[in-house]
Amino acid sequence: MSYVDEVLERVIAQNPAQPEFHQAVREFLSTVRPVIEENEEEYRRDALLERLTTPERQILFRVPWIDDNGQVQVNNGYRVQFNSAIGPYKGGLRFHPSVNISIIKFLGFEQIFKNSLTGLPIGGGKGGADFDPKGKSDREVMRFCQAFMQELYRHIGPDVDVPAGDIGVGGREIGYLFGEYKKLTGHYEGVLTGKGLSYGGSLARTQATGYGLVYFADEMLKANGIDIKGKTIDVSGAGNVATYAIEKAEQLGANVVTCSDSTGWIYDPDGIDVALLKDVKEVRRARLTEYKAAKPNAVYHEGRGVWTQKCDIAMPCATQNELNLDDAKTLKGNGCIAVCEGANMPTTLEATKFIQENGIFFTPGKASNAGGVATSALEMSQNSERLSWSFEEVDNKLHDIMVNIFHNVDAAAKKYGEEGNYIAGANIAGFLKVADAMKAQGIV
Ligand code: NDP
């Protein structure tokens, strides 16, 4: 049996009932196979793939907090510090009822290669809790964040592990987490990114993942002789990534006609009204039915179905496995030419295979959504310097980083005979840098 297959079997046997983690590792290993096979015996002797697929540290903890009725609630907290070969652990915190160790490990594993692709010195980690911020009062969210940090603070630090936001963790939650960290340690330092501008945050961090996705998609399309201007785009999600992807795509002259949340989706033939979307989601924290109420021309559909809307480009920006094989077939039938992932692993393996086999361009989240973490690393630099850069400066750096990532991914795919396969390109380019650093640092 080849070394790659041995490692996949081992991962599945040693991590039972972790389907999302298996999915991420399977996709990764299948694409780096040609690199491993060039030097199989050396990789096997050093157990490099076993070390890479085993987190350096997994922290699981109890989060007890008191709700507005005086009732004690208990949630599960997680921080997986996956790989620190190229820098301190870096990756978001997710608060969502679906969070479990499989999801945190898949996200942490992907984060290693994403962070490597940015070219910045950051290792891979991820964390979160099975806490649902929906329907909770501000004070409940604050007490939960404080309880979460009462354990997490002993495991993080500006040179150790620097968490950020993810699903369910935005500016409000980062503020409460930062406040509690400062109270517990007495240190005012860049231990979290995605902070507010009044206390060490970076301009353009809020926009970074969505803008970065569109910069990446635009560069990929250009390299294939296609102009994003005038294209019809379906976006899923209505959170941080989706909102700013819509904003940037519309600025570049595309017509974004959909967005969605966990209960339904909007089709707006006039193009999604970003100011209205921000008001509904960021200010009022309401459902998309409120968008429809303010915009009679738009159509609201209950449940899923965003990919049935005809488009040239699909940008899944909500959550993992939200675009399945049937969706991929529908997109193909409607003439879609590109799927660019904004979320982490939003496309199932079967759908990804179908998309690639049918000549639709596909950009994996670990490359196309890397703008968020890249800008988080820029926030870390500003915190270390105790300086703040202008919006344009950060945005220009973000643009350059996304363009560079695309060309590195493209070049790696070509070098290994996989031209146009941006999944292979991203995994190979991300892997080579981490593997090199791991080899240089010995067996640790
Ligand atoms: P948000 O919480 O801001 O938004 C998530 C959106 O997706 C919301 O509209 C939410 O609906 C919807 N959603 C969440 N879970 C589900 C579900 N199970 N089914 C259907 N819809 C769902 O998160 P982000 O925008 O920050 O993150 C979105 C994705 O992008 C995630 O995969 C995340 O890991 C990834 N990502 C985020 C980065 C960042 O910088 N924020 C960086 C890189 C990747 P509702 O409004 O009803 O809650």
Side-chain angles (χ1 to χ4, degrees), residues 20 24 90-99 103-104 106-111 114-115 117-118 124 126-128 131-136 163-174 192-194 201-202 204-213 216 235-247 258-266 272 277-278 280-282 284-291 302-307 315-324 340-347 364-379 398 402:
E20 293 86 0
K90 182 96 199 80
L93 297 171
R94 176 176 292 191
F95 291 169
H96 191 271
S98 64
V99 163
I103 288 180
I104 298 298
F106 116 65
L107 289 164
F109 184 68
E110 296 256 297
Q111 196 82 43
K114 179 188 313 198
N115 292 3
L117 285 172
T118 66
K126 199 81 190 188
F131 169 76
D132 189 356
K134 279 209 189 79
K136 305 288 190 302
D166 190 75
I167 291 178
V169 179
R172 173 181 63 169
E173 291 75 17
I174 293 290
L192 290 155
T193 56
S202 172
R205 173 60 187 92
T206 306
Q207 292 82 355
T209 310
Y211 278 23
L213 164 65
F216 188 95
V235 166
S236 67
N240 174 265
V241 180
T243 302
Y244 293 95
I246 296 170
E247 184 166 280
T258 67
C259 63
S260 67
D261 66 11
S262 45
T263 50
W265 60 283
I266 288 282
I272 296 293
L277 181 64
K278 286 181 188 172
V280 171
K281 283 291 172 185
E282 290 179 2
R284 288 190 267 154
R285 296 180 189 272
R287 293 186 50 196
L288 284 175
T289 42
E290 297 297 309
Y291 183 101
E302 197 72 28
R304 71 188 299 282
V306 70
W307 311 121
M315 294 188 173
C317 297
T319 193
Q320 66 273 1
N321 293 328
E322 51 156 319
L323 196 165
N324 63 29
C340 301
E341 293 188 330
N344 285 313
M345 210 170 74
T347 315
K366 65 167 74 73
S368 46
N369 73 24
V373 74
T375 308
S376 275
L378 300 180
E379 183 174 329
L398 167 66
M402 298 315 293

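Just follow the structure's listing: the first ligand is 1, and inside any ligand the first atom is 1. Everything numeric here is computed off the predicted structure, so don't read it as measured data. Values below: every heavy atom of this structure, side chains too, minus hydrogens, waters and symmetry copies.
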Side-chain donor/acceptor pairs under 3.5 Å, residues 164-172, sequence neighbours excluded:
from, atom 1, to, atom 2, distance (Å)
D166, OD1, K126, NZ, 3.0
D166, OD2, R94, NE, 2.6
D166, OD2, R94, NH2, 3.1
R172, NH1, D138, OD1, 2.6

Determine whether K281 and D261 satisfy the following criterion, side-chain contact (heavy atoms from CB on, under 4.5 Å), listing intermediate values before the conclusion. CA-CA 10 Å; K281 283 291 172 185; D261 66 11; 2.9 Å; yes
T243 vs E282, test: side-chain hydrogen bond (donor to acceptor under 3.5 Å, both in side chains). Steps then yes/no. CA-CA 10 Å; T243 302; E282 290 179 2; 4.8 Å; no
With side-chain contact (heavy atoms from CB on, under 4.5 Å) as the criterion, how do I103 and H96 come out once you've worked through the C-alpha distance, each side chain's angles and the decisive distance to 0.1 Å? CA-CA 11 Å; I103 288 180; H96 191 271; over 6 Å; no
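A cation-pi arrangement is present between K136 and F131, with the terminal nitrogen or guanidinium carbon under 6.0 Å from the aromatic centre and inside a 45° cone about the axis.
Listed by chain and residue number, the protein contacts of ligand 1 are R94, H96, K114, K134, D166, I167, G168, R205, T209, G237, A238, G239, N240, V241, S260, D261, S262, K281, C317, A318, T319, G342, A343, N344, N369 (heavy atom within 4.0 angstrom).
A distance-only check finds a donor-acceptor pair linking the side chain of N369 to the backbone of A343 [under 3.5 Å].
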